[in-house]
Amino acid sequence: MKRWWEILAALGRGLWRPLRWLALLLAWPFTTFGRLIHWLATALYHLREARRQARLPEQTRRRRRRRSRASILKARLRVLFLRPSPPAGASLAAGQTLSPRRRFPLLTVTAVASVALLSSAALLNRFSLFPVETPTAVAQLPSETPRPSDTPTPLPTATPTLTPSPTPTATPATIYLTPLPTPNPLLGGGSIAFVMNKEGNRDIYVLSIGRDEPVRLTDSPAEDRDPAWRPDGREIAFASRRDGNWELYVLDLPTGDLFRITDNPGFDGNPAWSPDGQWLVYEAYRENNLDIYIIKRDGSEGPIRLTRDPAPDYAPVWSPDGRHIAFTSLRSGNQDIFLVSLDDVRDEAAVNLTQSPDRQEDDPAFHPKGAFLAYRESSAGIDLIVARRLHNMVPEGEPITLGQGRHPTWSPSGDNLAYAHSQVDTHYLIASSIDAWAVAPQTFASRGQIDSPAWSGITFAQKPAGYLADIGGRPSPPLYTETISQTTQVDPPYLVIQVDVEAPLPFFSDRVEQSFLALRQRVAADAGWDALAILEEAFVPIDALPLPNETTRSWHKAGRAFDLSSESALTFNPQIEVIPEFTGGGIYWRVYLRAAVQDGSLGEPLRRHSWDFRARYGDDPRYYDQGGKPKERVPAGYYVDLTALAADYGWERVAAGENWKTYYPAVRYWQFVKREGLSWEAAMREIYPSAEVAARFGE
């Protein structure tokens, strides 16, 4: 019998050869010959990869070209066979087409007809650029039941107290889930929530697709805006000043219960829901900086700050995958759309999706499936609605023009797009089919400003009931009443009235002086100081001579104009900030007043660079030729939009003269007029005899 050491020796002799070869194999990469073989293999790999990368752009272009042609062919076939006719009496807005630089090559009629005969409705739906989902059955709105979270729960940094806003007991309203919209939005289901300005107050309305009149959801004397549907359609989040400063609220639609989500003296606005309906992302102004935050719907977690860049970050939206947030930012020097991942929320990791220094982008909106990102693109005073394809949250191809307007919103199916559009004194809510981009049916028109549309799959009862009927039945009180003094004169029919302001000639036409006094009172209340107490100009005599390059037909002579101080924006610590806007081919100015109290109870933060007129008097001659330059940073603090307030009372801003860059009096940011649709001659005949107007001005 062998002993144990003999057994071990036998095993050692048997294992020696394989262990030796294993040691040689492990040491082979470190030998000279092994390193040479490894270097040759690496060089061959990099050479093959370089050749593949060199061919990749051409392959990518060919693949995109094939996809583009196929997508356009399928979309046109779908429009040809599946698009229903607009309903009787529908008003059609002007059609929008792709811009020339993005127009796809046309297909021949023969090819379209041949493919159409061989294609079926199922194939059209399968290969459409935006496939149509199967409509869901009509059902009652489900009860409030939290669904499993689609996104990992972020770590909380603070736990605010959820404070319900006191509201009267409301009678429940009837709301139903309906089938998702069809390719023609006017014939489909769903509802669009939007903000509409009536009598100077902005409230939230809901228009069910196919209805003539919207349903009013809020009627607070304070502003309500930025509506956002919860994904299940049961609640709407919005921003409001009803408790003294801008906070976020959630309205339960079936019951009318209202809850306040945020509780901070600073500004909070622009909420958007997470895909699971458990979180809200929003913009907030803290420590003189506008940034992106998230908070749990029930207030149990958050607010959690996501961005810290010194430039304003705002207008956030949550991606359908629940792990990304897109927002508008000025961190690149102009308005661009950025994307941040919730897995890495560092500012350095945010990705610029648009990268266009010559254009301004805003109002991002994700396609329900995350395949596209729609947004507003502004250039030379024109606001276009464009969409860009996304692949794994990376933009692909060129943007596609889909309409002209602002605040795009996708339908729940992703086949349609709604947006706001303004033309002269009329404002439109337009809903259009993506596949039928040449037809944009007008859904609703109003004399009051329309903004921030948001589309949901729910619809309201034909006749509002419960608390909605109570709100809809309350009339909006007028902003002011223009009383006319008694006069026995027929020509002219109206007097010139003196008002209590400091001006060279403090007079206004009897037709407008009440609106000016009401505007002055509103500005003093909103800004905290009487900005219209001192005017540089009001009334001007009929025989007054104009300034160089100015017309003799001044609206000051008609008693329908006033000027702020033209030096207000030139001081070292200005109380007025001015932002240029391109509208109708000319330069107009939006005027902001700095709030007297900077605690968040008055005004809101600025989101754009204001104009620095002082730069034209500096050492750099470029800024003299340009009339100044944008300020390096967005002014900190809270401001009131004087231009918007003046428009509520009928006072319009005036376009700058063509020579405003080199001739400061032609800037005219300080001037407001009230025309009320009158010609200058008709306005003059209201306060002067017709014969005198005709003798002086040939009328």
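Start at 1 with the first residue, then count along the sequence.
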Are a donor atom and an acceptor atom from the side chains of [X] and [Y] found within less than 3.5 Å of each other?
X    : Y    : value
R616 : Y623 : no
S515 : W651 : yes
D309 : T307 : no
H427 : S446 : no
Y314 : Q335 : yes
S356 : E361 : yes
D243 : N245 : no

Please confirm whether the ring centroid of [X] lies under 6.0 Å from the ring centroid of [Y].
X    : Y    : answer
W589 : F672 : no
F516 : F562 : yes
F697 : W680 : yes

Could [X] and [Y] be called an ion pair, given the rule that one side-chain N must be under 4.0 Å from one carboxylate O?
X    : Y    : answer
R406 : D363 : no
D612 : K629 : no
R560 : E686 : yes
E581 : R653 : yes

Checklist entry - Can you say whether the rings of Y664 and F613 are parallel (under 30°), tilted (30 to 60°) or perpendicular (over 60°)? => result perpendicular
Checklist entry - Quick one: are S329 and D336 in side-chain contact, heavy atoms under 4.5 Å? => result no
